[in-house]
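Report on the following structure.
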There are 2 protein chains.
Amino acid sequence: MAQLNESPIRIGLLGAGTVGSQTARLLVEQKDELEARIGRPIELVGVACLNPDEVDFPWIDKSLLTSDTMKVATNADIVIELIGGTTVARTFVLAALNAGASVVTANKALLAKYGPEIYKAAEANGVDIYFEAAVGGAIPIVRPLRESLVGDRITSMLGIVNGTTNYILDEMTTKGLDFDVALKDAQAKGYAEADPTGDIEGYDAANKAAIMATLAFHTNVSIDDVTVEGITKITADDIAAATAEHKVVKLLAVVENGEAGVSARVYPALIDENHPLASVHGSFNAVFVKAEAADDLMFYGRGAGGAPTASAVVGDVVTEARHIASGCTGPSIPMYKNLPHAPINASKAAFAVRFLIHDKPGVLAAIAREFADHGVSINGVNQDLKPTLNDPGYDGEIQQLRIVTHLTDEETLHKTVSAVCKLDFVTGEPSILRVLD
Amino acid sequence: MAQLNESPIRIGLLGAGTVGSQTARLLVEQKDELEARIGRPIELVGVACLNPDEVDFPWIDKSLLTSDTMKVATNADIVIELIGGTTVARTFVLAALNAGASVVTANKALLAKYGPEIYKAAEANGVDIYFEAAVGGAIPIVRPLRESLVGDRITSMLGIVNGTTNYILDEMTTKGLDFDVALKDAQAKGYAEADPTGDIEGYDAANKAAIMATLAFHTNVSIDDVTVEGITKITADDIAAATAEHKVVKLLAVVENGEAGVSARVYPALIDENHPLASVHGSFNAVFVKAEAADDLMFYGRGAGGAPTASAVVGDVVTEARHIASGCTGPSIPMYKNLPHAPINASKAAFAVRFLIHDKPGVLAAIAREFADHGVSINGVNQDLKPTLNDPGYDGEIQQLRIVTHLTDEETLHKTVSAVCKLDFVTGEPSILRVLD
C-alpha cells in the first residue's frame with residue numbers, strides 16, 4: 001500500500017441536495033476507508049449550494065459551504081457536479097475541466113445534450129469525466145459499458161431506467177389502477193414529482209437512452225436523436241390485456257445497432273412475464289444488454305435515491321482519485337464510429353393494437369382485410385377482453401378487439417390502424433403497444 | 001484519438017480450448033475495433049497449447065502455435081492464462097508477472113488458492129492482474145467490485161455462480177426430476193462434465209465465493225476458509241416442498257461481513273420465488289449484492305461458455321492494453337483490512353428441516369418439544385406433503401413433516417435435529433436447508 005503522507009486530493013462538491021448531502025456523508029464518514037483504497041488522502045474542500053445558511057448536515061463542516069459555485073468548481077482536483085440541468089451545470093462543468101479538474105457527474109440531461117463538448121473538453125485538458133450515476137443510479141452500468149464490454153460488440157440494450165414510471169406501471173398491474181390514480185398515489189408517496197412530466201412522458205429515460213447508445217455503439221447519440229413515447233396513454237385495460245397474455249407493460253429505453261444504423265427510442269412495451277426485466281418491480285431499475293460474445297446480461301438495482309446515487313458518485317471519485325494518485329487518466333469516451341442513425345422505419349416490431357368496436361358479424365373479417373391489404377401479418381386475435389367502464393369512450397355496448405401482429409414497420413402499422421379506424425363500427429382511440437419477443 | 005503508428009502491444013495466449021479459441025477469435029476478428037478503442041495496435045504473438053498439431057481454427061495463424069508455454073508466458077506485454085488448475089498455471093502466471101507482463105486470467109481455483117501470492121507478485125512487478133472471467137463468466141462483477149462499489153460498504157453477496165448446478169436444480173423444479181436423473185440429463189446435454197464432482201459438490205462455487213469475499217471485504221479469504229455443501233442430497237421431495245411454499249432451491253455462494261467477522265459459504269438454500277435470484281434459470285449465473293449506500297444490486301448473465309467467457313477476457317485485455325498505452329497500472333487488490341473470520345456458529349439462519357416419520361398421535365408435540373428444549377423457535381409446520389415413492393427409505397407408510405425455524409445457529413440446529421432423529425417414530429435421513437429471508 002502507498003504511503004498516506006502525501007498531499008490530499010482535493011474534492012469540490014457542487015450541490016448539497018438529496019444526492020449531494022449523501023455524497024458528502026460517504027466522503028466524510030468513510031474517509032479512512034477511502035484513503036486506504038486510494039492510497040492517498042482525500043479532502044472535501046468546498047460545497048457549493050444556493051443557500052448555505054439553510055444547509056445543515058452534521059457531517060458537512062459549515063465553513064465549507066459557499067454560494068460561490070465557480071470558486072469551488074475551479075479550485076479542486078475532482079469536481080462533483082450534482083446541480084442538474086443543462087444551463088449553469090454546463091458552465092461549471094466546462095470551467096472545472098478547463099481548470100484542470102476531473103469531473104464526476106450524475107447529470108444525464110447535460111451529457112445527453114452536450115456530451116461531445118464535455119468529453120472533448122476533458123480530453124483536451126488531460127482529465128477525466130465519470131458519470132456512473134447518470135444512468136441507472138447505483139447500478140454499475142456505465143463502467144461495464146466503458147470497460148468490461150469493450151472487447152465485445154453490443155447489439156442492443158433494453159433499460160428500465162426510470163423508477164417513477166416503473167412504480168406507476170407496477171401499481172397499475174398489481175392493483176388494477178388507472179394511470180391517473182396510480183400517478184396521484186405515486187406523487188403522494190414521493191415516487192413522482194409534483195410536475196411529473198419529465199418522467200411520465202419519457203424524457204428522463206430518453207436522456208439515459210442517448211448516453212447508453214453513445215457508450216454502447218461508440219457513436220454520438222444525443223437527446224435530439226431519441227424518439228420518445230411516455231406512459232400517459234396506458235390504460236387499465238392495456239394492463240389487463242397484458243396480464244391475460246402473461247405479459248407486463250414496461251417503459252423501456254431501447255438502443256439498437258442494426259444494419260440500417262443506430263437507434264435510440266423510449267416507449268412502453270409488452271414483455272413476456274418470464275423475461276428477466278419483467279421481475280423488475282417498484283422503483284428499481286435494470287438494464288438488459290445483448291452482446292455478440294457475452295450474450296445476455298442484466299444489471300439491476302436502485303435507479304435513484306440519495307444514498308444509492310451517492311454510492312455510484314463516490315465510486316467514480318475513488319476511481320478518479322486512484323488515477324490522480326498514479327498520475328494517469330481513465331479511458332476517454334470513444335466516438336470514432338460515426339454510425340448512421342437508422343431511419344424510423346428501419347426497425348421492425350410486433351405490435352399489439354387494441355380497437356374499441358361495436359361488435360357485429362363481419363367485424364373481424366373487415367379488420368383482418370385491412371391488415372392483409374397493408375401487408376401486415378396477424379399473429380393473434382383476442383376478443384374476450386371486456387373493457388372497464390371508466391375508460392374514456394366506452395358506452396357499455398363497446399367491446400375490445402385486440403390484434404397482435406408479426407414484425408412490421410411502424411409507418412405501415414400506423415397506416416393500417418388509421419384505415420381500420422375509418423371503418424364505421426370502430427370507435428374511440430386505438431391503443432398501440434410494441435411487443436418484445 | 002491516439003495515433004496508431006506505435007509499436008503493437010504484444011499478447012500471449014496460454015491455452016487454446018473452448019475459451020482460448022474464442023478469445024483468439026475476438027482478438028483477431030475485432031482487431032481494428034479493439035485498436036480504435038485502445039488507441040494503439042495489439043498483436044497476438046503466441047498461442048501455447050499441449051498439442052499444436054491438433055489445434056485448427058481458421059482465425060489462429062498456425063505459426064503462432066507452440067507447446068513451449070513458458071516462452072509465450074515470458075515474451076508478451078499481456079499474458080492470458082486459460083490453462084486452469086493450480087499447478088502449472090501458477091508457475092506460468094508467476095513467470096509472466098515476474099517477466100513484467102500483466103496477466104488476464106479466468107482461473108478461479110488459482111486465485112482462490114494462491115491469490116495473495118499472485119496479487120503481490122503483480123504489485124511487486126508494477127503490472128496488473130485482471131480476472132473478470134473468474135467469477136460469473138461474462139458477467140461484469142469483478143470490475144464493479146474493484147471499482148464501482150469501492151466508495152461503498154458491501155455487507156453481503158449471494159451468488160448463483162455455478163451454471164451446472166443451477167441447470168440441474170431448474171430441471172428438478174420444472175420437470176419434477178430426481179437429482180440422479182437430472183444430473184444424467186445435464187451430462188447428456190453437455191451442461192455437466194463426465195466427472196461432475198467439482199460442480200455438484202460446490203467446490204467450483206466455493207472458489208468463486210473466496211474471490212468474491214476477498215474483493216468485497218478487502219481481506220484475504222481463501223478456498224480453505226469456505227465451508228461447502230453441494231446439491232447431491234437434494235431430493236425431488238425437497239423441491240416439491242419448496243414449490244408448495246412458493247420458494248425455489250438454489251445453490252448459493254454466500255459471503256457476509258458481520259459483527260463476528262467475514263464468512264464465505266456455499267450451500268443450497270430456499271429463496272422466495274419473488275427474489276430476483278429466483279428467476280435465474282438454466283445455466284445462467286447471477287450475483288446479488290447488498291451494500292450500505294447502493295442497497296440491492298444484481299448482476300446477471302452467462303456464467304460459462306466459450307464466447308461469453310472470452311468476452312470478459314478480452315474486456316480485461318483491452319483495459320490492460322489501455323493502461324499500457326497510457327503508461328499506468330490499474331487498481332491493486334487491497335487486502336488491508338485483515339478482518340477476523342467469523343466462527344461457523346456466528347451466522348444465524350432460518351432452516352427448513354424435513355423429517356420422515358411414522359405418523360401417530362403426539363408426533364408433532366414430541367418434535368416441537370425437542371425444538372423448544374433446544375431453544376429453537378418454530379416458524380411453521382407442514383405435514384401435508386406426500387413423499388414420492390422413489391425417494392430412499394420410504395415404505396409407503398411414511399409421511400413427511402417439515403418444520404421451518406426462526407433464526408438459529410447451525411450447531412444448535414444440528415443438535416436439535418439429532419435429538420429428534422432419536423425419537424422412535426422418526427426414520428430415514430432428515431433434509432436440512434437454509435431459508436433466506
Side-chain angles (χ1 to χ4, degrees), chain A residues 1 22 26-27 30 33-34 36-37 39 132 138-140 143-144 147-153 218 274 276 278-281 284 286 289 291-302 305 307-308 310-319 322-323 326-332 334 336-337, chain B residues 1 22 26-27 30 33-34 36-37 39 132 137-140 143-144 147-153 218 274 276 278-281 284 286 289 291-302 305 307-308 310-319 322-323 326-329 331-332 334 336-337:
Chain A
M1 205 164 73
Q22 288 298 311
L26 291 178
L27 289 173
Q30 304 222 45
E33 284 265 342
L34 298 179
R37 293 175 195 176
E132 183 60 78
I139 308 170
R143 191 183 315 270
E147 303 186 40
S148 308
L149 288 163
V150 74
D152 205 333
R153 202 187 291 261
H218 309 284
N274 288 323
S279 55
V280 177
H281 296 297
F284 274 91
V289 180
E292 202 181 272
D295 199 17
D296 293 350
L297 297 167
M298 191 174 82
F299 304 78
Y300 165 98
R302 294 244 170 238
S311 169
V313 168
V314 177
D316 279 352
V317 169
V318 172
T319 295
R322 284 170 165 173
H323 287 322
S326 64
C328 67
T329 57
S332 59
Y336 58 89
K337 290 197 120 173
Chain B
M1 203 164 75
Q22 286 299 313
L26 291 178
L27 289 173
Q30 305 221 44
E33 284 264 343
L34 299 180
R37 294 175 196 177
E132 185 60 79
I139 307 170
R143 188 182 315 272
E147 303 186 42
S148 307
L149 288 163
V150 75
D152 207 332
R153 203 187 290 264
H218 308 284
N274 288 322
S279 54
V280 177
H281 295 296
F284 274 91
V289 180
E292 203 180 88
D295 198 17
D296 294 350
L297 297 166
M298 192 173 84
F299 304 79
Y300 165 99
R302 296 244 170 238
S311 169
V313 168
V314 177
D316 280 350
V317 169
V318 172
T319 295
R322 283 171 167 174
H323 287 322
S326 63
C328 68
T329 56
S332 58
Y336 58 90
K337 291 199 117 173

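Note on naming: letters A, B, ... go to the chains in the order of the sequence lines (proteins, then strands), and numbering restarts at 1 for each one.
Here the NE2-CZ distance, from His218(A) to Arg37(B), works out to 3.5 Å after rounding to the nearest 0.5 Å. Note: Met298(A) CE to Ser279(B) OG = 6.5 Å, rounded to the nearest 0.5 Å. Atom CD in Glu33(A) sits 5.0 Å away from atom CZ in Arg153(B) (nearest 0.5 Å). Rounding to the nearest 0.5 Å places CD1 of Ile139(A) at 11.0 Å from CG of Asp296(B).
By the side chain to side chain contact (heavy atoms under 4.5 Å, CB included) test, Ala310(B) pairs with Gln22(B), Thr23(B), Leu26(B), sequence neighbours left out. Listed by chain and number, the residues in a side chain to side chain contact (heavy atoms under 4.5 Å, CB included) with Val289(B) are Ile141(B), Leu149(B), Ile154(B), Met157(B), Val287(B), Leu297(B), Phe299(B) (sequence neighbours excluded).
Ranked by heavy-atom pairs shorter than 4.5 Å toward chain A, the options Val318(B), Leu27(B), Val313(B), Val150(B) are led by Val150(B). Highest contact tally toward chain B, considering only Ser311(A), Ala286(A), Gly305(A), is held by Ser311(A) [criterion: heavy-atom pairs under 4.5 Å]. Per-residue heavy-atom pair counts under 4.5 Å with chain B were compared for Ala138(A), Gly151(A), Pro331(A), Ala278(A), and the maximum is reached by Gly151(A). Residue with the most contacts toward chain B among Asp295(A), Val314(A), Thr319(A): Asp295(A) (heavy-atom pairs, distance under 4.5 Å). Most heavy-atom pairs under 4.5 Å with chain A, from the set Val280(B), Asp316(B), Asp152(B): that is Asp152(B). Note: Pro308(B) leads Ser326(B), Cys328(B), Pro308(B) in heavy-atom pairs under 4.5 Å with chain A. Annotation: maximal heavy-atom pairing with chain A below 4.5 Å, among Gly137(B), Pro140(B), Gly327(B), occurs at Pro140(B). The choice from Ala293(A), Gly301(A), Ala307(A) that makes the most heavy-atom pairs within less than 4.5 Å of chain B is Ala293(A).
Residue Glu147(A) touches chain B through both its backbone and its side chain, counting heavy-atom pairs closer than 4.5 Å. For chain B, no part of His281(A) is nearby; none of its heavy atoms comes within less than 4.5 Å. Heavy atoms closer than 4.5 Å to chain B are found in the side chain of Arg322(A), but not in its backbone.
Closest of all the heavy-atom pairs between Ser148(B) and Arg143(A) is OG-NE, 2.9 Å.
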